[in-house]
Colleague: 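Dumping the structure here so I can ask a few things about it.
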Amino acid sequence: MDKSIKAAVALVVAGMAVAASAQEVVKIGTMSPLSGPQAHYGKDNVTGVRFAVEDLNTQSVTIGGKKIKFEVVAEDDAADPKQGTAAAQKLCDDKVAAVAGILNSGVAIPSAKIFNDCGVPFITGAATNPELTRPGYPGVFRIIANDNALGAALAGYAADTLKLKNVAVIDDRTAYGQGLANVFKKDAGAKGVNIVASEFTNDKATDFMAILTSIKAKKPDAIFYGGMDAQAGPMLRQMVQLGMTNVKFFGGDGICTAELAKLATGTKTLGNVVCADGGASLAKMPGGTEWKKRYDAKNPGVFQVYSPYFYDATMLIVDAMKRADSTDPKKYLPELRKSEYNGVTAKIAFQENGELKVPLYTLSHYIEGKKTPIGE
């Protein structure tokens with residue numbers, strides 16, 4: 001080979017090496033239940049993060065003079081605090097730059113300390129227990145309304161709109177379910193609603209006949225359930241078996257899913273459900289309708305509730321990185337705290353404690369098996 005050609009080839013190879021070295025891989029961590037009865041939520045959550053990363057990687061994002069390739073590191077927390085904290089530590093060990101994830105408050109609360117200790121910012125778009133932000137960790141954020149808003153909204157609807165007098169309460173003894181039920185009991189009681197029973201189950205149960213039989217004897221106008229759809233669906237079916245077809249059924253975002261209609265298998269009691277989501281309905285989100293169309297086209301049958309929030313959480317993190325011109329959490333965290341980001345779900349800005357400045361909620365019911373907003 002001619003010396004001049006060799007030199008030219010060497011320059012090309014060197015240029016390619018420089019270009020390759022100028023690209024940086026940035027890991028975005030996420031965790032949710034990817035196994036067990038809540039896996040449908042988890043798959044949706046993780047897919048929301050992946051969808052954001054796919055969009056970002058088409059944008060040729062440059063930060064700190066380097067072209068960035070984003071990668072998702074996903075862990076299964078199985079909706080279990082012990083497995084969840086192990087998953088959180090693994091994400092820290094994998095040197096993720098941020099975490100957009102976690103469905104369950106019982107997993108999020110202990111995991112938040114782990115992320116704080118290893119210096120990784122953490123945003124949830126699903127875990128709603130107010131205790132999550134109470135410690136004041138500077139890198140913990142929530143982009144969905146918390147249980148104080150949801151419990152109060154459901155209590156107000158029960159007392160002020162439906163004029164219900166007697167309500168029984170059941171919770172699944174998780175941080176989420178028990179916390180939401182306690183808020184509802186407090187707020188409904190303050191409005192004059194009589195809490196005729198307070199029962200509990202667990203987040204693995206499927207047989208509620210004993211609890212429901214006991215409650216039926218107290219003739220409630222409604223049952224409030226603090227928990228997830230995997231238990232609410234069988235509960236609705238068993239209410240039919242006991243002739244409780246005129247009893248309203250209240251719950252938070254954990255039951256406010258398309259999956260609930262499948263789990264309740266067309267029972268009459270599904271039409272008695274009133275549930276609350278911690279955000280605007282898709283139709284009223286700034287970018288909800290178009291985003292959902294794109295999401296469904298690429299991920300048919302996956303959508304449940306929270307994927308647009310986890311999409312926004314991922315985009316929010318990268319927006320802060322861009323503004324800081326750094327992927328180092330220490331450098332971009334101050335920008336994250338100052339965010340005023342126009343997301344798919346809402347304009348996102350934070351209070352000092354990491355909660356939204358303007359939390360929204362939507363009440364829904366089921367018409368002909370389809371979840372339909374009542375009001376916002």
Side-chain angles (χ1 to χ4, degrees), residues 28 30 32 40-56 58-59 100-103 123-128 141-150 152-154 157 229 251-261 274-320 336 339-351 354-367 370-376:
I28 305 294
T30 186
S32 280
H40 54 290
Y41 295 102
K43 183 178 180 183
D44 184 40
N45 297 352
V46 172
T47 303
V49 176
R50 291 192 188 282
F51 194 45
V53 163
E54 288 165 6
D55 281 352
L56 288 164
T58 67
Q59 296 174 11
I102 307 189
L103 171 70
I123 302 176
T124 182
T128 52
F141 304 88
R142 175 168 24 225
I143 59 169
I144 197 166
N146 68 27
D147 290 340
N148 288 336
L150 299 187
L154 289 162
Y157 191 77
D229 60 12
D253 51 341
I255 75 165
C256 213
T257 65
E259 190 73 11
L260 181 66
V274 176
C275 58
D277 283 325
S281 66
L282 272 164
K284 291 194 175 183
M285 289 178 183
T289 302
E290 184 58 36
W291 180 91
K292 176 75 159 39
K293 191 185 301 180
R294 289 199 307 119
Y295 185 83
D296 286 346
K298 194 152 193 178
N299 309 285
V302 173
F303 181 81
Q304 294 296 324
V305 178
Y306 305 110
S307 47
Y309 297 96
F310 287 107
Y311 179 94
D312 270 359
T314 308
M315 290 296 195
L316 185 67
I317 289 161
V318 175
D319 178 69
L336 186 56
S339 292
E340 291 189 2
Y341 180 72
N342 292 310
V344 167
T345 59
K347 182 171 182 178
I348 299 169
F350 296 111
Q351 301 177 50
E355 297 279 7
L356 286 173
K357 282 185 177 178
V358 185
L360 304 172
Y361 68 86
T362 303
L363 297 180
S364 295
H365 55 178
Y366 289 77
I367 298 176
K370 185 178 179 181
K371 178 182 163 184
T372 306
I374 298 170
E376 306 191 42

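Just so it is clear, the structure is predicted and the values come from calculations on it, not from any experiment.
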Colleague: Would you check if the side chain of Asp229 reaches a backbone N or O of Glu259 as a donor-acceptor pair within less than 3.5 Å?
Modeller: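 Answer holds: no.
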Colleague: Mind checking the CZ-CD spacing from Arg142 to Gln351? Nearest 0.5 Å is all I need.
Modeller: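 These two atoms lie 10.5 Å from each other.
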Colleague: Do Leu56 and Ile28 touch side chain to side chain, with heavy atoms closer than 4.5 Å?
Modeller: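 SC-SC contact between Leu56 and Ile28 ruled out.
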Colleague: Using 30° and 60° as the class limits, which term best fits the ring planes of Phe51 and Trp291: parallel, tilted or perpendicular?
Modeller: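 The rings of Phe51 and Trp291 stand perpendicular, inter-plane angle above 60°.
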Colleague: How far does NZ of Lys298 sit from OG1 of Thr47, to the nearest 0.5 angstrom?
Modeller: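 Lys298 NZ to Thr47 OG1: 11.0 Å, rounded to 0.5 Å.
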Colleague: Grab the two heavy atoms, one from Asp253 and one from Thr257, that are nearest each other, plus how far apart they are.
Modeller: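 Scanning both residues, the minimum pair turns out to be O-CG2, 4.2 Å.
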Colleague: Check Leu103 against Tyr41 and note the closest heavy-atom contact, atom names and distance.
Modeller: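 Answer, listing the atom of Leu103 first, then Tyr41: CD2-CB, 3.5 Å.
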Colleague: Looking at every heavy atom in both Tyr309 and Gly125, which two are closest together, and how far apart are they?
Modeller: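 Closest approach of Tyr309 to Gly125: CB-O, 3.6 Å.
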Colleague: For the residue pair Pro373 and Ser364, what are the closest heavy atoms and their distance?
Modeller: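 Closest pair (atom of Pro373, atom of Ser364, distance): CA-OG, 3.6 Å.
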Colleague: Working to the nearest 0.5 Å, report the span between CD1 of Ile374 and OG of Ser281.
Modeller: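 Taking CD1 in Ile374 and OG in Ser281, the distance rounds to 12.0 Å.
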Colleague: What are the two closest non-hydrogen atoms of Ala126 and Ile102, and how far apart are they?
Modeller: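 Heavy atoms only, the tightest pair is CB-O, 3.8 Å.
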Colleague: Would Thr362 and Lys284 satisfy side-chain contact (heavy atoms from CB on, under 4.5 Å), going step by step from the backbone distance to the final call?
Modeller: CA-CA 10 Å; Thr362 303; Lys284 291 194 175 183; over 6 Å; no
Colleague: Is any side-chain heavy atom of Thr372 closer than 4.5 Å to one of His365?
Modeller: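 Yes, their side chains come closer than 4.5 Å.
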Colleague: Roughly how far, to the nearest 0.5 Å, is the NE2 atom of His40 from the CG atom of Asn45?
Modeller: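 With rounding to 0.5 Å, CG (Asn45) is 10.0 Å from NE2 (His40).
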Colleague: Is any side-chain heavy atom of Lys292 less than 4.5 Å from a side-chain heavy atom of Met285?
Modeller: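 No, every pair of side-chain atoms sits at 4.5 Å or beyond.
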Colleague: If you measure from CE on Met315 to CD on Gln59, what distance do you get to the nearest 0.5 Å?
Modeller: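 Separation between the atoms: 5.5 Å.
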Colleague: Indicate yes or no: does Asp277 engage Lys371 in a salt bridge with an N to O separation below 4.0 Å.
Modeller: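 Result for this pair is yes, salt bridge flagged.
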Colleague: Could you tell me which non-hydrogen atom of Cys275 sits nearest to which non-hydrogen atom of Gly252, and how far apart they are?
Modeller: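 That closest heavy-atom pairing would be CB-O, 3.9 Å.
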Colleague: When you look at Ile144 and Thr128, which way does the side-chain contact (heavy atoms from CB on, under 4.5 Å) test go after all the steps?
Modeller: CA-CA 7 Å; Ile144 197 166; Thr128 52; 4.1 Å; yes
Colleague: As an exercise, state the distance from CD1 of Ile123 to CZ of Phe141, rounded to the nearest 0.5 Å.
Modeller: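 It comes to 6.5 Å.
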Colleague: With side-chain contact (heavy atoms from CB on, under 4.5 Å) as the criterion, how do Tyr366 and Leu260 come out once you've worked through the C-alpha distance, each side chain's angles and the decisive distance to 0.1 Å?
Modeller: CA-CA 10 Å; Tyr366 289 77; Leu260 181 66; 3.8 Å; yes
Colleague: Using atom types as modelled, flag every donor-acceptor pair under 3.5 Å from a side chain in residues 339-350 to any protein atom, sequence neighbours excluded.
Modeller:
unit_1: Ser339; atom_1: OG; unit_2: Arg323; atom_2: NH2; d: 3.1
unit_1: Ser339; atom_1: OG; unit_2: Leu336; atom_2: O; d: 2.7
unit_1: Thr345; atom_1: OG1; unit_2: Asp312; atom_2: OD2; d: 2.6

